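Let me begin by presenting the structure, written as structure tokens, before commenting on it.
Model, not experiment: these values are computed from the prediction. Lettering of chains follows the sequences in order, A, B, ..., and the numbering in each one begins at 1.
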Protein chains: 2
Amino acid sequence: MEQLSERKMKILQAIVANYLETGEPVGSRTISKFTDLSLSSATIRNEMADLEESGYIEQPHTSAGRIPTDAGYRVYVDQIMKEREAETEELRQEKEGLLERVDRMELMLKQVVKVLAYNTNYATMITAPQYREVHVKFVQLSMVDDEHVLAVIVTEGNIIKNQMIEVSEPIANEDILKLSVLVNSFLQGAALRDINIEMIQTMKGQAGIYDRFLDQILEAVVGAIKEADERQIYTSGATNILKYPEIGDEEKTSVLLEAFEEKEMLNELVDETLSSEDTGIQIYIGDEAPVKNMKDLSVVTATYELQEGAKGTIGIIGPKRMDYKKVVDTLKKLTIELDEIFNNKNKSKGDET
Amino acid sequence: MEQLSERKMKILQAIVANYLETGEPVGSRTISKFTDLSLSSATIRNEMADLEESGYIEQPHTSAGRIPTDAGYRVYVDQIMKEREAETEELRQEKEGLLERVDRMELMLKQVVKVLAYNTNYATMITAPQYREVHVKFVQLSMVDDEHVLAVIVTEGNIIKNQMIEVSEPIANEDILKLSVLVNSFLQGAALRDINIEMIQTMKGQAGIYDRFLDQILEAVVGAIKEADERQIYTSGATNILKYPEIGDEEKTSVLLEAFEEKEMLNELVDETLSSEDTGIQIYIGDEAPVKNMKDLSVVTATYELQEGAKGTIGIIGPKRMDYKKVVDTLKKLTIELDEIFNNKNKSKGDET
DNA sequence: GTTAGCACTCATTATCAAAGAGTGCTAACA
DNA sequence: TGTTAGCACTCTTTGATAATGAGTGCTAAC
């Protein structure tokens, strides 16, 4: 894509801005009045023909106005991001306070997506903060009743998992204690990939008659780590998608809604976001998004960070002609606020799953 | 509604059955051929006029066939339920095995709704089994690190909740033990309403210098009970609703989908089902359902029971012209299967939230 | 380089007629 | 008295045709 003259740039911006607002193809006359360039519609028409040739805009049909192509959106969005960069510091001062502080992480995240969906009128998602690799902090065993041993596994970042283990006969308290010491000596600080056959063999050798419980305990620990590793995704406002007729075509709609319901598809999006170097706000227009069937949709993502270094992703999914300015601003404010909540005032980090 | 003659009954059944299949208003000629009554369309027309007057069917407009009213559906559905009653025993033998056995309750429920949605092509929901009143089994306290005490609360039915309590200074191990004994002596077997000011006062009196932690511990316990009490609702296939054009009208669709997303509305449905005497399968046609905006939808619910006496609800929501026979059969099979899984072969009841 | 003017294209909308489905009613029939 | 054939009538659906209007591309003049 060649460099655009300043005038062409202005016209392109005007076209996109106008299209975002109205959703209708925009014609030369509109631009002629809309901008401060004071040019006649004929001149605009010439420029528009050039812009079309360069691939920034297109006509739905011969006798219609122009709409932006993905490339056109790209130019517009890049411009916005440049403008918005300076303002981040300002926003930090503002403190609108979108969020109420709540104790349990789970409730907090649910609140975030709801607030976001309500404020933007798009579909939103957020993942719980995640560690690259989950390490065991300690394991605690105790008899619940004659047939059940409770294993509590605490991982880095104070995420807690329980697992109930059924046993055929009661185990004496001191034996539980011994087992507990043994298990912890091996598992403290271990990540999933540290638990190998060799380790298990050694443990079993030292466990004596209780070696057969070890399997179950280990299974529980592995299960717990995996569960902590499992990505929790919260969503809200998926039905907002229905509000935008340009996406309407039954198929796409239901494909996306299904994705929101089952949530698996959203994982790809999160992977992409997290793997990117840029931890700020990223915008994917149409097929740019690492998800199939996004032809008419755009995604804006942001990353937030928990104090212990766990990262989470926030995503907003809306029509390609979404209000990018507002979305970017809202996301910026929100990540700033989350930052403050997690890093300054974390009075209680609550439980999990 | 007066008693219907056998012939009118047959015609009504035929009309409803035909309408369920095609979705089109059904005319007299169709019925004349469809049934084994061998009557001319003119005769059918006369009978239909009567049925319309009695309020079982209606015409969308003068020159169209008839469609069932809610009363008409009711008659049809009652008939089905009567027929199906005898078959339950048969079904019990069949053992189709819709479900794979999985350990964690959460995964099991997710599987159930998915299987159900997949089999029926309607929107489905299930609640986790719930106790009328949650009782504490025991509380376990332990220091995680110098600033955190972990409280593990186990309730009836082996539902486990954790709560991390932040403390300003380390507490000695023996003190934790003392506190633990104290707390358990009061809270074991307690339900939410048992925890009153009097009890708290007495506990504080006996807690000595640690009385200030008691508040936090109690808060944690109450929080845990409340969380265990919170109704978990799993849903699937909400987008199936979009497949049925007769509901299409933007509003209703998005109202219902939102309900599925936020899940609050579904609580009313569950309340109604659980409060009903009849624990079998219940069918709500259109506005009969205890939920607003159900004009074009029907709900079929069933109750299942966990061994400890906790009950859960399964619901299927589809268009008023859903395939009631299939839905009822599927639900019957499923509850039988759940029954078996929970009551015979419960090898591990897993964890919660 | 800019602009006015004009012919041309194409989607949208309205109007109208024809077709078809189904009814209600009447009169004839068993 | 219940059943049926016949027919006029109603109302939706479909298709064709024409009118409208927005917007363009191109040419010629400024």
Side-chain angles (χ1 to χ4, degrees), chain A residues 4-12 14-69 72 245-246 248-249, chain B residues 4-12 14-69 72 245-246 248-249:
Chain A
L4 292 172
S5 74
E6 195 180 334
R7 194 168 80 177
K8 280 200 172 61
M9 191 68 182
K10 265 193 170 171
I11 292 174
L12 178 54
I15 292 172
V16 179
N18 200 286
Y19 180 67
L20 290 189
E21 229 178 284
T22 65
E24 305 278 296
V26 9
S28 53
R29 238 181 83 81
T30 314
I31 297 301
S32 158
K33 283 184 293 183
F34 197 82
T35 61
D36 50 358
L37 291 167
S38 53
L39 290 170
S40 79
S41 63
T43 313
I44 304 286
R45 270 205 291 285
N46 289 330
E47 295 287 47
M48 279 164 93
D50 290 355
L51 283 171
E52 177 155 20
E53 202 180 350
S54 310
Y56 294 111
I57 53 180
E58 63 185 354
Q59 284 182 292
H61 55 266
T62 331
S63 69
R66 306 302 214 286
I67 60 174
T69 60
E246 67 259 44
D249 311 56
Chain B
L4 292 172
S5 75
E6 194 178 337
R7 194 169 80 175
K8 281 200 172 59
M9 192 67 181
K10 264 193 172 171
I11 292 174
L12 179 55
I15 292 172
V16 179
N18 200 286
Y19 180 69
L20 290 188
E21 227 180 284
T22 65
E24 306 277 296
V26 7
S28 50
R29 236 181 85 80
T30 314
I31 298 301
S32 156
K33 283 184 292 182
F34 197 83
T35 59
D36 50 357
L37 291 168
S38 52
L39 291 172
S40 80
S41 63
T43 314
I44 304 286
R45 270 204 290 284
N46 289 331
E47 296 287 46
M48 277 163 95
D50 291 353
L51 282 171
E52 177 155 19
E53 204 180 349
S54 311
Y56 293 112
I57 53 179
E58 64 186 353
Q59 283 182 293
H61 56 265
T62 330
S63 68
R66 306 300 212 289
I67 59 174
T69 60
E246 67 261 44
D249 312 56

TODO: State which residues pass salt bridge (Lys or Arg N to Asp or Glu O under 4.0 Å) with B:R29; sequence neighbours excluded, sorted by chain then number.
DONE: none

Open item on the list: Let me check I have this right: for DNA chain D, each base becomes ., (, ), [, ] or |, based on Watson-Crick or G-U pairs with both distances under 3.5 Å. What is the full string?
Closed with: ||||||||||||||||||||||||||||||

- [ ] For B:K10, enumerate each residue passing the side-chain contact (heavy atoms from CB on, under 4.5 Å) test, keeping only those at least two apart in sequence or located in another chain.
- [x] B:D36, B:L37

Task: Min side-chain heavy-atom separation A:S54-A:L51 under 4.5 Å - done: no

Open item on the list: Is there a side-chain contact between B:I57 and B:Y19 in this structure, where contact means two heavy atoms from C-beta onward sitting under 4.5 Å apart?
Closed with: no

Open item on the list: A:E24: which residues meet the side-chain contact (heavy atoms from CB on, under 4.5 Å) condition with it, sequence neighbours left out?
Closed with: A:T22

TODO: Check whether any side-chain heavy atom of B:I11 sits under 4.5 Å from a side-chain heavy atom of B:I44, and report yes or no.
DONE: yes

TODO: Whole angstrom is fine here: how far is it from CD in B:E53 over to P in C:dG24?
DONE: 11 Å

Task: A:I11 CD1 - C:dG1 C1' separation (whole Å) - done: 13 Å

TODO: Could you state the atom-to-atom distance from CD of A:E52 to C1' of D:dC26 in whole Å?
DONE: 16 Å

- [ ] Name the residue closer to the 5' end of DNA chain C, choosing between A:P60 and B:M48 according to the nucleotide with the nearest heavy atom.
- [x] A:P60

- [ ] Take B:R7 and B:L39 through the side-chain contact (heavy atoms from CB on, under 4.5 Å) test and state the conclusion after the steps.
- [x] CA-CA 11 Å; B:R7 194 169 80 175; B:L39 291 172; 3.6 Å; yes

Task: Interatomic distance, B:E58 CD vs C:dT23 P [rounded to whole Å] - done: 14 Å

Task: D:dG21 phosphate, OP1 or OP2, under 4.0 Å from A:R29 side-chain N/O - done: no

Open item on the list: Within the 4.0 Å limit for protein heavy atoms, which parts of nucleotides 3-18 of chain D are touched? Write it as a string from 5' to 3', B for base, S for sugar-phosphate only, - for none.
Closed with: SBBB---BBS------

Open item on the list: Could you work out, with side-chain contact (heavy atoms from CB on, under 4.5 Å) as the rule, every residue matching B:E21, not counting sequence neighbours?
Closed with: none

- [ ] Quickly work out the B:R66 CZ to C:dA21 P distance and round it to whole Å.
- [x] 17 Å

TODO: Round to the nearest Å and state the distance from A:L51 atom CG to D:dG25 atom P.
DONE: 12 Å

Open item on the list: What is the separation between atom CD on A:Q59 and atom C1' on D:dG23, rounded to the nearest whole Å?
Closed with: 8 Å

- [ ] Begin with the C-alpha distance, continue with both residues' side-chain angles, and end with the deciding distance and a verdict on side-chain contact (heavy atoms from CB on, under 4.5 Å) for A:E47 and A:D50.
- [x] CA-CA 5 Å; A:E47 295 287 47; A:D50 290 355; 3.7 Å; yes

TODO: Whole angstrom is fine here: how far is it from CD1 in A:I57 over to P in D:dG23?
DONE: 14 Å

